[in-house]
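Here is the naming used below: chain letters follow the sequence lines, and residue numbers restart at 1 for every chain.
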2 protein chains.
Amino acid sequence: MTEPDMPTPPWERARRRPAPARVPLTRERIVDAAFAVLDREGLDGLSMRRVAAELDVAVSALYAHVDNKDELLELMYRRFFDGLHLPEPDPERWQDQLKEYARQSRVRLLSHRDMARISMGQMPFSPELLPHVEKLLALLRAGGLPDRVTAIAGDLLSTYIDGFVAEESIWQSRYQGADTKSWTEIRDDIRDYFASLPPDRFPNMLAIANLMVDESNDYRFELGLDILVRGLASYAEPTPPPTGLDTRPPTGPDTGPAAGES
Amino acid sequence: MTEPDMPTPPWERARRRPAPARVPLTRERIVDAAFAVLDREGLDGLSMRRVAAELDVAVSALYAHVDNKDELLELMYRRFFDGLHLPEPDPERWQDQLKEYARQSRVRLLSHRDMARISMGQMPFSPELLPHVEKLLALLRAGGLPDRVTAIAGDLLSTYIDGFVAEESIWQSRYQGADTKSWTEIRDDIRDYFASLPPDRFPNMLAIANLMVDESNDYRFELGLDILVRGLASYAEPTPPPTGLDTRPPTGPDTGPAAGES
DNA sequence: TGCATTGGTGAACGCTGTTCTACGACACGC
DNA sequence: GCGTGTCGTAGAACAGCGTTCACCAATGCA
């Protein structure tokens, strides 16, 4: 209809007010855009400029709503827990509930690219996360874990989950970036690498090489999780009757408290 | 003596040759300088330009010896294991040996600022690390762990060590950067924060708040380590007679292998 | 003595997080 | 209705980053 090259007349320019169409910039919209950029470009590609571009906005506009890039990451981390639900602690099933929580966390982490790396750099003590931490602690204490074990179990579990997912994501993205090779080819390469080791010097590596390569991430996650939960369960006190079997520690409690660092 | 603004005459410029004093640039010297910068400025301050400045050398000179910053980090990671010694695996004491290895690793990681963060981003499969991995695997298998547990135990352990040290370093540096407050003051702040939570909504947090704050890092590390080792030990098969007590798993082996992801 | 090769130099490119100044549209009081 | 003031955005700028490129000087070899 209108010629594209024609200059816009002054009245047209005066009437040009997409003001109602211009949605105001908020923290929520910024976080939304940041997640869009994250999923598309990964954490290394997540820059303030790209987030601003995603919103069709100048970079400096972001800084009116967000102090820092660090604060933006923190906001993303908090948003990430929206809708997370932990069940009411059931002392009979605390181990299953704990595992279910871990599995759920892993799935959530995997749903956003590089989210595990973001999670690793954050401390889970923001106001909206505290209720979840509280429920996790309730779960552990309901299982009969001594308080000093409970105090470290949360750290232990989230370190495991974040670390595992971060590692599996790195493997995943490192070899789908250079998309010439498929996953099975990569696996064969790794297998070949292990197989090329001198057998006399690396007998144990060779013995488990296939297991390290073949097992699915799901299985490895589940096994590591079970190891962790068994270790925790070995500290459970029989105050509430445990799973039905003996959960006393297999070895003597010789844990030296060691010296304080300060 | 000489006027500072005078241009240097050509012969003076021609005689300028500190050549004999100039030691040649090598990868080793670059890694040395990188460690110096790391310890002084931390990982965030470790830039190629600063490493070059440490060596009184142009930035581009580094790239003749090192492909990448990533490669430099990898070289640092490898250098980091120089002189590491793992004992010959003793099936009788495999749990103690494993713990000793973990303690030693933590001390090493703490000896260079932010080294844990570097370690987290690396894969332990460089040629000079393989012998150590091999010995670790030998240790675990000597303890009677099934191969599928051994295959994941190394990951589990190093994830724990790296994660723990990274976290403790962050706490350490975050509050010694703003050096106005001492550690005890920080601790009081945290204690106050926990104490300010509504007791009806956060009974479990309050119950263990003191433990989370008061326990030394050494003790928390040791406890987490013990939890891990107990979990591993619960999988040990009695082929070599274990520590003297029953090490059978406390709960039934209901670990679902789950579905492979590809 | 001349030449080629090696290895460092300095400038440049494109990117980053962050800050500062200025402008333009809105809401309000007269 | 009109000036005025405030708020939020735009755009340029700064310092620093990893990396690359064309040049240049000093070395060893013929």
Side-chain angles (χ1 to χ4, degrees), chain A residues 8 10-31 33-34 37-38 40-76 114 117-118 121 177, chain B residues 8-34 37-38 40-76 114 117-118 121 177:
Chain A
T8 40
W11 60 88
E12 186 71 29
R13 219 178 306 166
R15 260 195 291 130
R16 271 274 193 89
R17 47 169 81 180
R22 177 128 118 223
V23 268
L25 205 54
T26 63
R27 289 171 92 119
E28 278 66 36
R29 289 191 59 224
I30 293 177
V31 174
V37 174
L38 179 73
R40 192 173 352 105
E41 324 257 6
L43 181 56
D44 296 328
L46 177 64
S47 69
M48 298 300 274
R49 281 177 163 83
R50 285 223 243 268
V51 173
E54 182 79 17
L55 292 163
D56 258 321
V57 138
V59 208
S60 48
L62 301 180
Y63 285 88
H65 303 267
V66 165
D67 279 355
N68 250 337
K69 187 182 180 179
D70 281 346
E71 200 199 21
L72 176 56
L73 291 177
E74 187 186 327
L75 290 177
M76 295 175 75
D114 286 338
R117 275 170 66 197
I118 295 180
Chain B
T8 41
W11 60 86
E12 186 71 29
R13 223 177 304 167
R15 257 196 293 131
R16 275 270 194 88
R17 49 167 82 177
R22 178 129 114 219
V23 269
L25 203 54
T26 63
R27 290 178 143 221
E28 279 65 37
R29 288 191 60 226
I30 292 176
V31 174
D32 288 341
V37 174
L38 179 71
R40 193 174 351 106
E41 324 255 7
L43 182 55
D44 295 329
L46 177 65
S47 71
M48 299 300 275
R49 282 175 162 84
R50 285 224 243 268
V51 173
E54 182 80 16
L55 292 163
D56 258 321
V57 138
V59 208
S60 48
L62 301 180
Y63 286 88
H65 303 266
V66 165
D67 279 355
N68 251 337
K69 187 182 180 180
D70 280 346
E71 200 199 22
L72 176 55
L73 290 177
E74 186 185 329
L75 290 176
M76 295 175 75
D114 287 339
R117 276 169 66 195
I118 295 181

By side-chain contact (heavy atoms from CB on, under 4.5 Å) - contacts of [X] (at least two apart):
{"X": "A/Ala53", "answer": "none"}
{"X": "A/Ala61", "answer": "A/Leu25, A/Val57"}
{"X": "A/Arg27", "answer": "A/His65, A/Glu71, A/Leu75"}

What's the [atom1]-[atom2] distance between [X] and [N], to the nearest Å?
{"X": "A/Asp56", "N": "D/dA10", "atom1": "CG", "atom2": "C1'", "answer": "13 Å"}
{"X": "A/Leu55", "N": "D/dG8", "atom1": "CG", "atom2": "P", "answer": "16 Å"}
{"X": "B/Leu25", "N": "C/dT6", "atom1": "CG", "atom2": "P", "answer": "17 Å"}

Inter-axis angle, terminal five-pair segments of the helix from C/dT1-D/dA30 to C/dC30-D/dG1 [nearest 10°]:
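For the helix from C/dT1-D/dA30 to C/dC30-D/dG1, the axes at either end differ by 20°.
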
Can you see which heavy atom on B/Asp44 is nearest to which on B/Asp114, and at what distance?
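Shortest heavy-atom separation between B/Asp44 and B/Asp114 comes out as N-OD2, 4.5 Å.
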
Nearest 0.5 angstrom please: B/Arg29 CZ to B/Leu55 CG, how far?
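Answer for the CZ-CG pair, B/Arg29 versus B/Leu55, is 5.5 Å.
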
Check whether any side-chain heavy atom of [X] sits under 4.5 Å from a side-chain heavy atom of [Y], and report yes or no.
{"X": "A/Ile118", "Y": "A/Leu38", "value": "yes"}
{"X": "B/Asn68", "Y": "B/Glu74", "value": "no"}
{"X": "A/Val66", "Y": "A/Val31", "value": "no"}

Partners passing salt bridge (Lys or Arg N to Asp or Glu O under 4.0 Å) against B/Asp32 (at least two apart in sequence or in another chain):
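B/Asp32 satisfies salt bridge (Lys or Arg N to Asp or Glu O under 4.0 Å) with B/Arg79 only.
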
Any residue of residues 44-53 of chain B with a heavy atom less than 4.0 Å from an atom of DNA chain C
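The stretch gives B/Arg49 as the residues lying under 4.0 Å from the strand, ordered by number.
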
For DNA chain D, what residues of residues 59-69 of chain B have any heavy atom nearer than 4.0 Å?
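Of all residues in residues 59-69 of chain B, the ones placing a heavy atom under 4.0 Å from DNA chain D are B/Val59, B/Ser60, B/Tyr63, B/Asn68, B/Lys69.
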
Any side chain to side chain donor-acceptor pair (under 3.5 Å) pairs touching residues 48-58 of chain A, not counting sequence neighbours?
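For residues 48-58 of chain A: A/Arg40-A/Glu54.
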
